[in-house]
There are 2 protein chains.
Amino acid sequence: MEEKEISQAVIGRLPRYFRYLGELKDQGIERVSSQELSDIMKVTASQIRQDFNNFGGFGQQGYGYNVEYLFQEIGKILGLDKSHNLIIIGAGNLGQALANYGNFERRGFLFMGIFDKNPLLYGRKIRDREVQPMEDMEAYVKSNHIDIAVLTIPKTEAEAVAQRLVCCGIKGIWNFAHVDLNVPEEVQVENVHLSDSLMKLSYNISRFQKNR
Amino acid sequence: MEEKEISQAVIGRLPRYFRYLGELKDQGIERVSSQELSDIMKVTASQIRQDFNNFGGFGQQGYGYNVEYLFQEIGKILGLDKSHNLIIIGAGNLGQALANYGNFERRGFLFMGIFDKNPLLYGRKIRDREVQPMEDMEAYVKSNHIDIAVLTIPKTEAEAVAQRLVCCGIKGIWNFAHVDLNVPEEVQVENVHLSDSLMKLSYNISRFQKNR
DNA sequence: AAAATAATGTCAATGAATTGACAGCAGGTT
DNA sequence: AACCTGCTGTCAATTCATTGACATTATTTT
């Protein structure tokens, strides 16, 4: 069984396909061709076919793709057919906002707990879960099958906490701290560097001004 | 004056360079070679030199790069030498969290106001600014030189609001809504699709499980 | 002051990603 | 039932991005 590695460029596009297919599904549309998708999504039809084919061909010649089926399959590829338990580390503004943001549940990401090092927050209820002290993190991860930790803590603390999470067997870290984490390859890290994103926007604004 | 287009691949790496250079600067380090940076950042020295050279060569043969100078120059390229006024549209969890997150100010992004369509929130103070009604958005943008609008509203409303922002001359939109906005090319959009990011993490976790 | 060293800027080579082209098959039509 | 049309899967061509190599120049050492 030889599985070829799929490039992250392709993976990065899957959630967008997933989103558009979900919309088509909600509109009751049954079939779609790569050309139609191309028109809606503003990417080439060739790329769409190439991308889907990495996973073995979901379409039928002369017909196109079945929306419902393709949606399901991409969901499976993304691992959305299984649910993931997640905890949030850092009950600051961002941590609380993410905890309260209900939409992730829809895709099987279950909010299981939130931790902070500030004793003043202990016991405060956020989305029906009490803020727990950092010391209890490891035990909680182990006994509740936590897959994903969301890091919304200052960058100075992120690396140390990441190490502790690695030690208790976390599978993935969704990192909002402005620092690159150093973890073994069996732990997946997905960075959301908000200020990097804002700087890119700033660059593009400046560039456009100059080109006038 | 022929300015060649810089690829977004390069731009996407600039904030990371900027971050590492800032750290070196804070440590009081004066000079750095592409090889040293390569070791720290885990990218090839060749890429670093190639990237910097897109903007005209900041280094000196036999010496390397002056940290302070390079930091400044990358900041300028990213447009961080000028300040940007921003408003937040949507005073929900995420909107409030971003408003309260002070770190953007450090890079010249000034929080100037926050808007919501919910009358119950009008007047509530967030970071010393009262939540304003959506109707007042256009007037405020025009009279306060607002460059950037941060969209933290549901996807159903995002497109319409974006159109209104375009009409009153906004330069950039930092879009947290789960939808692709359709705006003219003179308006820059930077998307932060959190659920897409989470799905990528989910994929990488699943993939790793399977490969064992 | 000359020689040795260090490290850039840049060109060429390689590798990866995207696009274009089309054979071949399924579905629809006459 | 035969023909036509539509659209995938895939191969080849092209474009874009990354890496490697090195001539050149500044700095440091002797």
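Within every chain, numbering begins at 1; the chains are lettered A, B, ... in the order of the sequence lines, protein sequences first and strands thereafter.
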Side-chain donor-acceptor pairs of residues 163-177 of chain A under 3.5 Å, sequence neighbours excluded:
unit_1, atom_1, unit_2, atom_2, d
A/Q163, NE2, A/E159, OE2, 2.7
A/Q163, NE2, A/N182, O, 2.8
A/R164, NE, A/E138, OE2, 2.8
A/R164, NH2, A/M134, O, 2.9
A/R164, NH2, A/E138, OE1, 3.1
A/K171, NZ, A/D147, OD1, 3.4
A/W174, NE1, B/S197, OG, 2.9
A/N175, OD1, A/A177, N, 3.0
A/N175, ND2, A/A177, O, 3.4
A/N175, ND2, A/V179, O, 3.0
A/N175, ND2, A/N191, OD1, 2.9

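Residue contacts shown for A/T44 are limited to sugar-phosphate atoms, with no base heavy atom under 4.0 Å away. Contact annotation for A/F52: no contact, since no heavy-atom pair falls under 4.0 Å across all strands.
In the set C/dT10, C/dC25, C/dA7, the nucleotide with an atom closest to the side chain of A/Q61 is C/dC25. Taking every side-chain heavy atom of A/R49 into account, C/dC22 is the closest of C/dC22, C/dG9, C/dA26. Among C/dT18, C/dA12, C/dA26, the nucleotide with an atom closest to any side-chain atom of B/Q50 is C/dA12.
Heavy-atom contacts from other residues, nucleotides or ligands closer than 6.0 Å to NZ of B/K25 number more than 12. For A/E186, the CD atom counts as densely surrounded, since its 6.0 Å shell holds more than 12 non-hydrogen atoms of other residues, nucleotides or ligands.
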task = Please step through salt bridge (Lys or Arg N to Asp or Glu O under 4.0 Å) for the pair B/D51 and B/R13, ending with a clear verdict.
result = CA-CA 9 Å; B/D51 282 350; B/R13 285 191 291 265; 2.8 Å; yes

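For the 3.5 Å distance criterion, the side chains of B/D116 and B/Q132 fail to qualify, holding no donor opposite an acceptor. Judged purely by distance below 3.5 Å, without hydrogens or angles, the side chains of A/E68 and A/Q72 pair a donor atom with an acceptor atom.
Ring geometry for B/F52 against B/Y65 counts as perpendicular: the plane angle is over 60°, on a 0 to 90° scale with 30° as the lower cut.
When the P atom of C/dA7 is taken as reference, atom CG of B/D39 falls 11 Å away, rounded to whole Å. Nucleotide C/dT5 holds its C1' atom 16 Å from the CD atom of B/Q60, rounded to whole Å. For the pair A/I6 CD1 and C/dA17 P, the computed distance is 11 Å after rounding to whole Å. Here C/dT10 presents its P atom at 14 Å from CG of B/D51, a figure rounded to the nearest Å. Atom CD in B/Q47 sits about 16 Å away from atom P in C/dG15, given to the nearest Å.
From the 5' end on, the contacts that DNA chain D makes with chain B at under 4.0 Å to a non-hydrogen atom open and close at D/dA17 to D/dT28.
Looking at residues 21-36 of chain A, you'll see that no heavy atom sits under 4.0 Å from any atom of DNA chain C.
For the pair A/H178 and A/K155, the tightest heavy-atom approach, listed with the atom from each and the gap, is O-CD, 3.6 Å.
The side-chain contact (heavy atoms from CB on, under 4.5 Å) test with A/M199 singles out one residue from B/L14, B/I74, B/L80, and that residue is B/L80.
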